[in-house]
Protein chains: 2
Amino acid sequence: MIRVWERRYGTVQPERSEGNQRFYSEEDVQRLALLKQATDAGHPISNITHLSVPHLRALLSPQGTSGDAPLPRVQLPAASPTRNAEQLIEAALKAVVGMDSAALEKILEEGAVTLGQNALLLQVIAPLVQRIGEEWQKGTLRIVHEHQASAVIRTFLGRAARPLAMHASAPVLVAATPAGQLHEIGAALVAAAASNQGWRVVYLGPSLPAEEIASAARQNGARVVALSIVHPADDPNLPDELRRLRQLLPDSVTVVAGGRSAEGYRDALFETRANLCGSLADFSSALDLLRQGVN
Amino acid sequence: MIRVWERRYGTVQPERSEGNQRFYSEEDVQRLALLKQATDAGHPISNITHLSVPHLRALLSPQGTSGDAPLPRVQLPAASPTRNAEQLIEAALKAVVGMDSAALEKILEEGAVTLGQNALLLQVIAPLVQRIGEEWQKGTLRIVHEHQASAVIRTFLGRAARPLAMHASAPVLVAATPAGQLHEIGAALVAAAASNQGWRVVYLGPSLPAEEIASAARQNGARVVALSIVHPADDPNLPDELRRLRQLLPDSVTVVAGGRSAEGYRDALFETRANLCGSLADFSSALDLLRQGVN
DNA sequence: CCACTGTTGTCAATCTATTGTCTAATTTTT
DNA sequence: AAAAATTAGACAATAGATTGACAACAGTGG
């Protein structure tokens, strides 16, 4: 059954061994269990294959159990030939240089439908943001392009990160950008990814002093503080900010840092015992570990 | 039944999936529910198939109780008593100090439903943003509160500003914040309001140099450039930016400026022949004038 | 009152799409 | 060598799509 789902809809894409045998991740297993429940409850598999674990929980838990009631249909009609992640990125870049925000938005939505939110974040949006950053540094793209694209992506992520029926017991993550870091897109990306993985996300936005981040973390009982460090790669104040943040946070809170320029502050990050992530995928798996209590 | 209505009268024409399955839009569903009520009440289907949702409501609501016919049911959730704008603002402020972004979002959504988008923008969000700014300056609110609230509102506005079926001939407005101005919420507010009034909005986000704004305006054939000036009220570079912007823009483009600190740059704004708006309502009516070609 | 006509809800027959299950021939692991 | 996974394809049960037919009913004209 599972293999047929994989063949027909790409429900999961497990790692393979040398001999081509499948290795399912913990998440795959969870997701498949939930999908089984959902299909047993009558949801057509084609409509829900790409939903993430929290989405599925939301679909199953709340009030749908009204008995033998007729079942809800989800999702949109699929029309055009589906594009893969790379094609979507290329199309998105074209929309960016053309300053066509409506087209960019459409592309992102298409990806959400065909790839699922999680894959969209990891395989399309994260690389796209990076590409835009690179092209901007090379001078191929103007500042406007970068800003406009950021605005569209920011909006999309805000929509993607909407908390759906969230358990009160979900672990809390605070996402922000330290003072002086003005690019918020990385933090928004992280927030969306975490939300997708079932964290309760407190999103604070860009350029917050250490005291403020710490205060938010305490007030919300956060287990993780995620920082995105992208643009000024040589801010002399940032190391102090990071150290101060560590002092203000309880020891039980883990700091995770990522972003294009995070490497540049390696020493300060080491002092704050921060988990340095090179990519969104890294971050994603780090979150999984942290949730299980492994610090 | 529905399919027969579709076949015979073209009552609805739902989208189709690849496999030729029907996908009814929300509106279709509503309309069909109302049609059912209307036919049950005795209206021949052939007479009313093409009526829109509001028409059908009008047909059903008023005094149709003339006989012993089954009575039309109203379908509002009708749970909580509707709150007016001021109550919503108060509730929103409470959510802000409690750092409860989910609650804040819910309040905004409630407002969108009960007041309508336009009134929500003018009577709730704009005053709320102002209040938050004031409380922050007074020190009643911390930076985190302001940031988190901004993030939520920003997301909400991004969603609210989605262009629905927009004519290619709609006039274009570019919304941004000049270089050095980091608070984007004012620009986002303006963008949402303009979008609601039928402008095609090119939203660029915060802190853009004059050259970039001008380039975007030219490339998109903008008729209006809207600037939001909120936080640094004493940026020595800003007047230059504004003058430069005027030089780079075609004369046919009108600049409109607003925001808490716009007054502080009155002279420079005068030189750029900018339309200074003291409130979002001002801006809104200015837009209406501009659309009719009055500069 | 009756025959005729047009409207409208319901149904059956047939076709297609979706989806769970099974088989067969290989390949990998134990 | 036995056990288990791999791929590809076939098949059956179910649900939706399409078409044509039919019955109930209201109106019309004789």
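Protein chains get the first letters and strands the later ones, always in sequence-line order, with residue 1 at the start of each.
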Can you tell me how far [atom2] of [N] sits from [atom1] of [X], to the nearest Å?
{"X": "R3(B)", "N": "dA15(D)", "atom1": "CZ", "atom2": "P", "value": "13 Å"}
{"X": "M1(A)", "N": "dT18(C)", "atom1": "CE", "atom2": "C1'", "value": "11 Å"}
{"X": "Q21(A)", "N": "dT29(C)", "atom1": "CD", "atom2": "P", "value": "5 Å"}
{"X": "H43(A)", "N": "dG20(C)", "atom1": "NE2", "atom2": "P", "value": "13 Å"}
{"X": "R8(A)", "N": "dA17(C)", "atom1": "CZ", "atom2": "C1'", "value": "11 Å"}
{"X": "I45(B)", "N": "dG9(C)", "atom1": "CD1", "atom2": "P", "value": "7 Å"}
{"X": "E18(A)", "N": "dT29(C)", "atom1": "CD", "atom2": "C1'", "value": "12 Å"}
{"X": "I2(B)", "N": "dT18(D)", "atom1": "CD1", "atom2": "P", "value": "14 Å"}

*Near Q13(A) CD, under 6.0 Å, is it more than 12 heavy atoms from other residues, nucleotides or ligands?*
no
*Can a donor-acceptor pair under 3.5 Å be found between the side-chain atoms of R16(B) and the base atoms of dG16(D)?*
no
Under 4.0 Å between a side-chain N or O of [X] and OP1 or OP2 of [N]?
{"X": "S46(B)", "N": "dT8(C)", "result": "yes"}
{"X": "Y9(B)", "N": "dT8(C)", "result": "yes"}
{"X": "W5(A)", "N": "dG20(C)", "result": "yes"}
{"X": "N20(B)", "N": "dT18(D)", "result": "yes"}
{"X": "S17(A)", "N": "dT28(C)", "result": "no"}

*Hey, which of these two, T39(A) or T39(B), hits DNA chain C nearer its 5' end, going by closest nucleotide?*
T39(B)
*Using heavy atoms to find the nearest nucleotide of DNA chain D for Y24(A) and V4(A) separately, return the residue whose nucleotide is more 5′.*
Y24(A)
*When you match G19(B) and R22(A) each to their closest nucleotide on DNA chain D, which lands nearer the 5' end?*
R22(A)
*V230(A) and V129(A), any side-chain heavy atoms less than 4.5 Å apart*: no
*asked:* Pair R291(A), E27(A) - check salt bridge (Lys or Arg N to Asp or Glu O under 4.0 Å), show working.
replied: CA-CA 12 Å; R291(A) 172 142 66 177; E27(A) 197 200 332; over 6 Å; no
*Report the C-alpha distance between E135(A) and R131(A) in whole Å, list the side-chain angles of each, state the deciding distance to 0.1 Å, and finish with yes or no for salt bridge (Lys or Arg N to Asp or Glu O under 4.0 Å).*
CA-CA 6 Å; E135(A) 302 286 331; R131(A) 277 286 294 278; 3.7 Å; yes
_Under 4.0 Å, heavy atoms only, any strand: does R7(A) hit a base, just the sugar-phosphate, or nothing?_
base
_What contact category does F23(A) fall into here, base, sugar-phosphate, or nothing, at under 4.0 angstrom with non-hydrogen atoms?_
nothing
*What distance separates I2(A) CD1 from D28(A) CG, expressed to the nearest 0.5 Å?*
9.5 Å
